[in-house]
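For reference, the structure is listed below as structure tokens.
In what follows, residues are counted from 1 in the order of the sequence shown.
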Amino acid sequence: MVSSVLCRCVASPPPDAAATAASSSASSPASVGDPCGGAICGGPDHRLRLWRLFQTLDVNRDGGLCVNDLAVGLRRLGLHRTEGELQKIVQAGDKDLDGQLDFEEFVHYLQDHEKKLRLVFKSLDKKNDGRIDAQEIMQSLRDLGVKISEQQAEKILKSMDKNGTMTIDWNEWRDYHLLHPVENIPEIILYWKHSTVHASRSNNMGIVGGFTQMIREGGARSLWRGNGINVLKIAPESAIKFMAYEQIKRLVGSDQETLRIHERLVAGSLAGAIAQSSIYPMEVLKTRMALRKTGQYSGMLDCARRILAREGVAAFYKGYVPNMLGIIPYAGIDLAVYETLKNAWLQHYAVNSADPGVFVLLACGTMSSTCGQLASYPLALVRTRMQAQASIEGAPEVTMSSLFKHILRTEGAFGLYRGLAPNFMKVIPAVSISYVVYENLKITLGVQSR
């Protein structure tokens, strides 16, 4: 719909607008010899279409476009922009500093922004044939020290290519970037990198597609990328969690022989928080190692050294707040539901043994893990995206609240559960098996629980 309001300069203006168009052309020095003068056409018909676009974006009908108007209006048109990007648009065009764009400011912003986009387009068009292809994108990024594969360049092309030619002409380039505040090649490259790293509504990836892309990029070994640090982290994390759980149960427990559900919930939440706080830098390393490109790091120590050198110690705690807010309900619900279900089974079905058996333990672990995941997954998603965002050089800082708002605005409530299915496939068997080991070790060590 946005492209429908932009002049293609291939047709004459309507007969009744010819005089006005001629007057407009004569009054603009830049338009001599070029119907558009390198910018948006000032013809009356096009101005009318811009007015219709302005009215579409002006959702509260107050004659001005604020950040909220642009967010809602662009989303209705199928365009998704972050709050920071929308603020840049308003600030760039807001000449009277009233916090919004009136129609004239909106038109001037589009004209100025298109001039900048044309300069960028010409610099990318190495062959000077009016089109940008995958090789030209790869060459332009190489000139700036960014190496991408031909498949990645084609992915960038497809996001802008409307006619399926696998090249981008000026109109396609302009339509795609016109209501996006990027103004130069480095900013556009950063936007391309960001859009290819993070999934969005226009970048959906299924489980099979994810496996295929990983194998194509780094071979079968890439499926275990980051698993070394994950194995090193899981041992102390589980040990600290279960040890803290048993100790805290003794502190918070009442005089009853069996703990009540809320007491287990408190013990599990505190145990999870203690365990995660102890190993959190390894959690960040695991995410970075999993997201790396083939050959980017020589190993875990190299990854840690580079993060420390470039970003400082604080980078190892990126996403810590949402992680803590998520682990408290997850660990609490997981441990509390598990022991409640296990004890309920023992009370109703156990006859001569206090050992419920492997299958019952697996079932209890599956149920408890599912409940915990459903309660805490949105926070875990935000944590992972904050860690991933930090891995992109030059990417803007994002806060937990702004990321939540961005996901809700661009992907809806279901966006907070993106990736839940493969997470279940990983976590449920892992947690269930860990509970079986936990119970058998308690018996071996003579630990009594209540």
Applying salt bridge (Lys or Arg N to Asp or Glu O under 4.0 Å), name anything that partners Lys122, two or more places apart in sequence or on another chain.
none
Salt bridge (Lys or Arg N to Asp or Glu O under 4.0 Å) partners for Arg76, two or more places apart
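Listed in chain order: nothing, the list is empty.
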Would you indicate whether the side-chain heavy atoms of [Y] and [X] approach each other to under 4.5 Å?
{"X": "Arg288", "Y": "Met300", "answer": "no"}
{"X": "Arg264", "Y": "Thr340", "answer": "yes"}
{"X": "Pro378", "Y": "Phe404", "answer": "yes"}
{"X": "Leu403", "Y": "Met386", "answer": "yes"}
{"X": "Asn171", "Y": "Lys162", "answer": "no"}
{"X": "Leu48", "Y": "Arg52", "answer": "yes"}
{"X": "Ile89", "Y": "Val67", "answer": "no"}
{"X": "Ile307", "Y": "Leu285", "answer": "yes"}

List the steps and the verdict of salt bridge (Lys or Arg N to Asp or Glu O under 4.0 Å) for Lys127 and Glu136.
CA-CA 8 Å; Lys127 301 174 184 176; Glu136 288 171 319; 5.2 Å; no
Under 3.5 Å, side chain of [X] to main-chain N/O of [Y], donor-acceptor pair present?
{"X": "Tyr417", "Y": "Leu374", "answer": "yes"}
{"X": "Ser238", "Y": "Ala235", "answer": "no"}
{"X": "Glu105", "Y": "Asp94", "answer": "no"}
{"X": "Thr384", "Y": "Ala380", "answer": "yes"}
{"X": "Tyr330", "Y": "Ser269", "answer": "no"}
{"X": "Asp169", "Y": "Trp173", "answer": "no"}

Between Glu283 and Lys233, is the closest basic N to carboxylate O distance under 4.0 Å?
yes
Does Lys158 come within less than 4.0 Å of Asp161, counting only side-chain N to carboxylate O?
no
If the plane angle is over 60° it's perpendicular, under 30° parallel, otherwise tilted; pick one for [X] and [Y].
{"X": "Tyr338", "Y": "Tyr435", "answer": "parallel"}
{"X": "Tyr280", "Y": "Tyr320", "answer": "perpendicular"}
{"X": "Phe103", "Y": "Phe54", "answer": "perpendicular"}

Start with the C-alpha distance between Asp58 and Arg61, add both sets of side-chain angles, then the distance that settles salt bridge (Lys or Arg N to Asp or Glu O under 4.0 Å), and finish with yes or no.
CA-CA 5 Å; Asp58 184 15; Arg61 296 291 184 268; 5.2 Å; no
Do you know the tightest heavy-atom contact between [X] and [Y]?
{"X": "Met138", "Y": "Ala153", "value": "CG-CB, 3.6 Å"}
{"X": "Gly268", "Y": "Ala331", "value": "O-CB, 3.3 Å"}
{"X": "Ala275", "Y": "Ile240", "value": "CA-CG2, 3.8 Å"}
{"X": "Ile274", "Y": "Ala244", "value": "CD1-CB, 4.4 Å"}
{"X": "Glu154", "Y": "Ala134", "value": "CG-CB, 4.2 Å"}
{"X": "Leu65", "Y": "Phe106", "value": "CD1-CD1, 3.7 Å"}

If you apply the rule side-chain contact (heavy atoms from CB on, under 4.5 Å), what do you find for Glu150 with Gln135, and how did you get there?
CA-CA 7 Å; Glu150 187 171 355; Gln135 294 299 320; 3.8 Å; yes
Separation of [Y] [atom2] from [X] [atom1] (nearest 0.5 Å):
{"X": "Glu237", "Y": "Ser277", "atom1": "CD", "atom2": "OG", "value": "10.5 Å"}
{"X": "Leu101", "Y": "Asp96", "atom1": "CG", "atom2": "CG", "value": "9.0 Å"}
{"X": "Glu311", "Y": "Arg306", "atom1": "CD", "atom2": "CZ", "value": "12.0 Å"}
{"X": "Arg383", "Y": "Ser376", "atom1": "CZ", "atom2": "OG", "value": "9.0 Å"}
{"X": "Gln373", "Y": "Ile333", "atom1": "CD", "atom2": "CD1", "value": "10.5 Å"}
{"X": "Met282", "Y": "Leu232", "atom1": "CE", "atom2": "CG", "value": "5.0 Å"}

Please say which of Leu57, Leu86, Asp62, Thr56 ends up in a side-chain contact (heavy atoms from CB on, under 4.5 Å) with Asp69.
Asp62
Please identify which of these residues, Ile132, Ile137, Ile168, meets the side-chain contact (heavy atoms from CB on, under 4.5 Å) condition with Leu124.
Ile132
Where do Trp170 and Arg174 land on the side-chain contact (heavy atoms from CB on, under 4.5 Å) test, with the steps shown first?
CA-CA 6 Å; Trp170 161 241; Arg174 177 189 59 188; 3.9 Å; yes
Derivation of the side-chain contact (heavy atoms from CB on, under 4.5 Å) call for Leu379 and Ile327
CA-CA 9 Å; Leu379 286 160; Ile327 201 63; over 6 Å; no
Check step by step if side-chain contact (heavy atoms from CB on, under 4.5 Å) holds for Cys66 and Val90.
CA-CA 7 Å; Cys66 62; Val90 173; 5.9 Å; no
Salt bridge (Lys or Arg N to Asp or Glu O under 4.0 Å) between Lys116 and Asp112: does it pass, once the steps are laid out?
CA-CA 7 Å; Lys116 297 172 185 176; Asp112 292 341; over 6 Å; no
Taking atom types as modelled and ignoring hydrogens, do the side chains of Asn323 and Gln276 form a donor-acceptor contact shorter than 3.5 angstrom?
yes
Verdict with supporting geometry, Ser368 and Asp334, side-chain hydrogen bond (donor to acceptor under 3.5 Å, both in side chains)
CA-CA 5 Å; Ser368 65; Asp334 185 21; 2.9 Å; yes
